[in-house]
Amino acid sequence: MTLATEKLARRVRVDALKMVHRARAAHIGSALSIADMLAVLYGAVLRFDPAAPEWPERDRFILSKGHACVGVYAVLAAENFIPADALLTYGQDRSILMNHISHHVPGVEFSTGSLGHGLPFGVGKALAAKRRGDVWRTFVLTSDGEWDEGSNWEAIMFASHHALDNLVVLIDANNLQSLTTVEDTLRLEPLADKFRAFGCEVFELDGHDHVALTSALSSAPWQLGRPSVVIARTVKGRGVSFMENQVKFHYSPPDDEQLAAALAELREPS
Amino acid sequence: MRNAFIDELVHLAEVHEQIALVVGDLGYSVVEPFAERFPERFLNAGVAEQNMTGVAAGMASEGFHVFTYSIANFPTFRCAEQVRNDVAYHRLPVTIVAVGGGLAYGSLGYSHHAVQDYGLIRGMPNMTIAAPGDPLEVRGVMRHLVSQPGPSYLRLGKAGEPTFHADVPVALPGRWLEVRRGDEQGEAIVTTGAALQYAVRRWQEATFPRPWVFSMPLWGMAAKSLQPEQASRFEVIRTMEDHLVDGGFGSWMLEALNANRDFLGRIEVEALDPVVCDTVGSQVMLDELGGLRP
């Protein structure tokens, strides 16, 4: 049986591929990597109202790896925050759908693009909610490579110190960054131990397993008084065989032939 | 100025429940009145300015007007991208407060010389720079910043500065506040920040015709268009600032007046020579070394 969120993930992948192909834009591998997380978040976890993107009780979602924006634009279109044909403007002159995620798009909380900004901002939101007694949660999706940034460690130390159990940090652990693997760039492992040492509750799972993602994200916080960290083990380029684990597709858009092949793998007519 | 700042902030916070103060592990014997009066709106973010600024932006996005507080270059240069992207770009009500503006911490060395901050901040659209010239201007600019919440930078000196106004002035962005009246419409000295004291002393020591002395404690990219009209009354416009000439207030004024060729040759800029960057000493000694004097 195919879950509704799995259908949503397929749509996110298809739309993301079409967007980067049309715009000749980069970062498709990063968007495919998080498609399942986005589908579970928007399809089963987050509370929101597309007719009122600023609804005060909404859960806040922040994409800190702003270069993977096509995934979010696609899911926002699927959830009716923006019309589907708005995706056609991605990457065009004067489009609000910038090539790094933009707060000018309805449903987007925060613009990123420089790594290490999303988590401190999300921590500020979570702190504001705590101080005001609000019950909504803040979800921040980071890459693994961006944990090279010291600001993230400042932020997670702060979140733990202030007992921000309304904060959920997702790490897209695909082990590929700009030039090579995370392991060969700046070793992060043992990552779970690091977060535990910082005072967080940690859950490691397969970032493409919708049942595991739904269960973990829906039930956070797993321990009162502690931030929740999901280390989602993922495959960069997931869903398109020739893009999987390829640094090349951090940069290169698919050409016509590659798009057709990718859509065929996703059983989408080209 | 520090004392006027915290006193005014407490007063404003009593009326405005959205005001919060986030410090970067600094402010001993300054911030306590706020922390004790409003513990739920006070936070020490620790020695982590990037996170402090990002957290402030996040809180501001949820309705707080956050004042971040640190010294010299720590809340600006150390976290310049958070100021640029998180605060200014998103037009969030965060006021970045730096004490020790200019060479107030001159003996502490280059790390503590805040003489390039205008250059950094004024290149950001949406930012308002608040550089008061005395403790009464501190209160005036804070009342404006709270009434018009947005991205802003408040540059303070230390403590014990003289006052030059009779009462709290009404400060508006780009508007020249008259501090001393000149004799004719010859020269206007326009200052920002602590350089006001040098302009007033020059006025005191001048013989006829005395220059006019104005302070502009609020300015920024959006306020340039207000300068030609105010400047047109005077033969010479002389700016003074305790900041390097590159990227500073005088350079900003030159840009603001550049479009009108009537001003060619009528603008004089007095700012610090970069020799101060590699020298330590008292604020008075360094200002004089840098070329800023009555």
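Labels below follow one simple rule: chain letters A, B, ... track the order of the sequence lines, proteins then strands, and each chain is numbered from 1. Computed from a prediction, not measured in an experiment: that's the story for all the values here.
- Surrounding CD of A/Q223 are more than 12 heavy atoms belonging to other residues, nucleotides or ligands, all under 6.0 Å away.
- For B/A45, the parts lying near chain A are the backbone and the side chain together; criterion is any non-hydrogen pair under 4.5 Å.
- Taking CZ of A/F121 as the start and CG of B/N85 as the end, the distance is 11.5 Å to the nearest 0.5 Å.
- No option in A/H117, A/H100, A/H103 other than A/H103 meets the ring-ring contact (aromatic ring centres under 6.0 Å, His included) test with B/Y89.
- Between the CD atom in B/E81 and the CG atom in A/L115 there is a gap of 9.0 Å [rounded to 0.5 Å].
- At least one side-chain heavy atom of B/L43 sits under 4.5 Å from a side-chain heavy atom of A/F158.
- Around the CZ atom of B/R41, the shell of radius 6.0 Å holds more than 12 heavy atoms that belong to other residues, nucleotides or ligands.
- Using a 4.5 Å cut-off on side-chain heavy atoms (C-beta onward), B/N51 and A/W153 make no contact.
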| After noting the C-alpha distance and the side-chain angles of A/L127 and B/F64, does the key distance pass the side-chain contact (heavy atoms from CB on, under 4.5 Å) rule? | CA-CA 11 Å; A/L127 184 77; B/F64 284 99; over 6 Å; no
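- Of all heavy-atom pairs between B/Q82 and A/G116, the closest is NE2-O, 4.4 Å.
- Across A/K125 and B/S61, no two heavy atoms sit closer than the pair NZ-OG, 2.9 Å.
- At most 12 heavy atoms of other shown residues, nucleotides or ligands fall within 6.0 angstrom of atom OH in B/Y110.
- Residue-environment remark: CZ (A/R58) exceeds the threshold of 12 foreign heavy atoms within 6.0 Å.
- At a 4.5 Å heavy-atom cutoff, A/H161 makes no contact with chain B through either its backbone or its side chain.
- With respect to chain A, the highest number of heavy-atom pairs below 4.5 Å among B/H90, B/E49, B/M59, B/M52 belongs to B/H90.
- Using a 4.0 Å cut-off between charged nitrogen and carboxylate oxygen, B/E62 and A/R132 do not count as a salt-bridge pair.
- Under a cut-off of 6.0 angstrom, the local environment of CZ in B/R143 is crowded, with over 12 non-hydrogen atoms contributed by other residues, nucleotides or ligands.
- Around the CG atom of A/D193, the shell of radius 6.0 Å holds more than 12 heavy atoms that belong to other residues, nucleotides or ligands.
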